[in-house]
Amino acid sequence: MAGLELLSDQGYRIDGRRAGELRKIQARMGVFAQADGSAYIEQGNTKALAVVYGPHEIRGSRSRALPDRALVNCQYSSATFSTGERKRRPHGDRKSCEMGLQLRQTFEAAILTQLHPRSQIDIYVQVLQADGGTYAACVNAATLAVMDAGIPMRDFVCACSAGFVDGTALADLSHVEEAAGGPQLALALLPASGQIALLEMDSRLHEDHLEQVLEAAAQAARDVHTLLDRVVRQHVQEATVLLGD
Amino acid sequence: MKETPLSNCERRFLLRAIEEKKRLDGRQTYDYRNIRISFGTDYGCCIVELGKTRVLGQVSCELVSPKLNRATEGILFFNLELSQMAAPAFEPGRQSDLLVKLNRLLERCLRNSKCIDTESLCVVAGEKVWQIRVDLHLLNHDGNIIDAASIAAIVALCHFRRPDVSVQGEEVTLYTPEERDPVPLSIHHMPICISFAFFQQGTYLLVDPNEREERVMDGLLVIAMNKHREICTIQSSGGIMLLKDQVLRCSKIAGVKVAEITELIQKALENDQKVRKEGGKFGFAESIANQRITAFKMEKASVDTSNIEEKAEEIIAEAEPPPEVVSKPVLWTPGTAQIGDGIENSWGGLEDSEKEEEEGGIDEAVILDDTKMDTGGVSDTGNQGAPIVLSDSEEEEMIILEPDKTPKKIRAQTTSAKEKAPSRSQVKRRRKKRTAN
């Protein structure tokens with residue numbers, strides 16, 4: 001795709017957004033009835049579904065039980081129809097394993113696992129349509145699902161991706177911008193304290209620009225937090241109205 | 001084999017030492033261990049030693065048809081294997097989490113950063129491209145696998161030479177190494193991973209953790225950079241919470257370290273190039289140190305035995321008479337055994353007649369003895385119940401004269417083989433009558 005202008009002279013990206021602008025986010029909680037917690041999120045065209053079961057007894061080998069904490073088990077799967085070309089293996093390949101490990105690392109840091117020793121919390125994430133920023137969408141969906149399940153967490157975990165083109169940092173990359181080969185950063189943040197739960201970067205970026213990109217990603221994550229917070233409050237309000245209180 | 005857990009006192013010791021800015025091997029906080037790079041006889045083969053962590057890298061190439069959506073680019077394939085010789089905890093099928101993490105990190109570091117020019121690997125667009133395969137094997141695990149592996153990968157790629165190819169119209173000629181010198185790969189830059197280990201919720205930081213430090217760390221941050229200070233990959237793992245300025249500080253440290261390591265790599269490559277040109281010896285055999293003691297064998301010193309008898313008599317005459325030593329054989333009653341040096345077995349105090357059985361006796365009870373001593377010396381406690389008496393032979397007792405040496409069960413099974421038995425030192429201890437044979 002030679003000559004594709006990721007950032008025009010007036011500062012507009014391919015889809016008409018500004019450099020620091022996020023895509024439209026729509027989220028719903030409590031999508032499934034039988035799961036303990038579930039959530040669905042749409043970030044632009046990226047659609048992700050997260051389901052949480054737990055805390056429950058450890059399935060399988062009891063020896064994996066941790067005596068003072070809960071075990072967090074994450075599985076990532078992307079549907080075969082999620083990308084432009086049909087994927088052959090929805091799960092079990094290296095990328096999905098890595099994604100599962102990263103999600104686990106993110107949520108083990110955020111969930112208050114000390115409150116549920118010797119138990120297991122399962123988080124399953126499914127990507128229905130991948131248009132860039134899949135890790136971020138998975139984390140955001142999983143946060144909402146964990147909240148829906150009522151599992152105590154330190155704070156929201158909000159994630160966003162960021163890139164760097166022509167001296168400007170872009171927030172929330174779409175698939176076209178990711179495929180162009182520039183540097184991409186994925187960041188998962190706990191907004192209240194500003195602590196970074198996961199940081200991942202690909203492709204070459206000069207050290208001097210690192211701060212700028214980190215800041216753009218952090219700001220985008222904080223914007224995501226505002227939106228997710230609103231979604232949670234609205235859901236709780238609807239639930240209390242239905243309960244008739 | 002499951003990994004032996006780290007004891008609490010060792011963990012506390014390591015953490016306290018880190019709090020006082022001390023490392024067990026005497027390094028400073030930001031110091032790397034010694035890096036040694038050695039090359040094999042073929043191009044593209046190298047071993048990198050980071051302290052005691054050892055990684056072998058090998059590059060190979062093959063002509064294949066390209067991927068459909070990338071018809072003009074060559075294919076790169078990376079594979080890191082954790083060999084079972086690296087650590088007892090590495091078993092096939094048991095290391096998947098660590099393996100996935102390391103492989104993905106290496107792939108992202110080397111492939112996504114475009115350190116190799118894949119367009120130059122194209123021979124005929126859409127039909128034939130070079131597939132470069134980098135295989136890394138971890139030979140010894142002493143911490144910080146990812147750094148050693150990334151250095152090994154990039155050194156092997158820089159060292160590798162692929163066969164020369166020429167295209168004339170429709171004809172493609174592949175030259176063997178004898179016809180034309182092989183051609184090096186075109187490498188834009190050398191990304192090197194630097195690992196930072198965090199302790200005590202991010203308060204303390206160490207560069208290049210060794211195996212013990214890795215066990216007690218909270219989390220790891222890996223930054224891959226090249227010498228132009230371009231960051232190729234960042235990966236945080238292990239569940240630590242980082243702050244933005246911590247990340248920026250680490251990237252500055254990484255810049256310094258990468259410059260040093262890149263210089264080292266360049267020097268090693270130049271040295272190897274020089275040695276090959278001058279016709280000197282090269283290869284792994286040359287780079288293994290000769291002065292290391294791997295097996296110890298003393299040469300037999302010759303002793304002058306000409307007047308040994310006189311000397312011996314002199315010594316004996318001068319020496320004091322030896323004290324009276326009466327051997328006290330420890331008798332076991334049938335069906336009991338004793339392990340260790342506790343108090344004496346008092347079960348057999350009623351049966352004194354067994355003392356005579358040391359003398360005389362027939363050797364026909366070989367089979368009997370086998371069943372009695374069918375387990376090793378220490379596991380005799382299994383025989384606690386009724387003793388197995390097959391015949392009324394007087395040799396029912398197993399009299400252990402030296403209880404600290406466990407008798408082994410290597411006995412000749414038949415009586416005809418008892419001529420061989422006296423030559424075994426263990427049997428002498430068990431049967432006094434046998435040594436008379």
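Predicted model, so just to flag it, every value in this text is computed and none were measured. Chain identifiers are assigned alphabetically (A, B, ...) following the order of the sequence lines, protein sequences preceding nucleic acid strands; residue numbering begins at 1 within each chain.
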Among [options], who wins on heavy-atom pairs under 4.5 Å with chain B?
options	result
A/E108, A/R204, A/E211	A/R204
A/H209, A/E85, A/R104, A/E215	A/E215
A/I196, A/T106, A/L187	A/I196

Structural part of [X] lying under 4.5 Å from a heavy atom of chain B:
X	answer
A/Q102	side chain
A/L198	both
A/E207	both

Which label fits B/H141 and B/F90: parallel for a plane angle under 30°, tilted from 30 to 60°, or perpendicular past 60°?
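Rings of B/H141 and B/F90: parallel, under 30°.
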Under a 4.5 Å cutoff for heavy-atom pairs, which residue among [options] has the most contacts with chain A?
options	answer
B/H228, B/K101, B/H189	B/H189
B/E230, B/Q235, B/R229	B/R229
B/C232, B/G202, B/G219	B/C232

Going by side-chain hydrogen bond (donor to acceptor under 3.5 Å, both in side chains), name the residues that satisfy it together with A/D131, two or more places apart in sequence or in a different chain.
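Partners of A/D131 by the side-chain hydrogen bond (donor to acceptor under 3.5 Å, both in side chains) criterion come out as none, since no residue qualifies.
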For the pair [X] and [Y], find out whether any cationic side-chain nitrogen is under 4.0 Å from an anionic carboxylate oxygen.
X	Y	result
B/K227	B/E263	no
A/E21	A/R13	no
A/K95	A/E98	no
A/R62	A/E57	yes

Where on [X] is there a heavy atom nearer than 4.5 Å to chain A: the side chain, the backbone, both, or neither?
X	value
B/Q246	neither
B/D245	neither
B/I223	neither

Might you confirm whether atom CZ of B/F13 has over 12 heavy atoms from other residues, nucleotides or ligands at distances under 6.0 Å?
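Counting other residues, nucleotides and ligands, CZ of B/F13 stays at 12 neighbours or fewer.
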Would you kindly say whether A/Q129 and A/S82 are connected by a side-chain donor-acceptor distance under 3.5 Å?
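Per modelled atom types, A/Q129 and A/S82 side chains form no pair under 3.5 Å.
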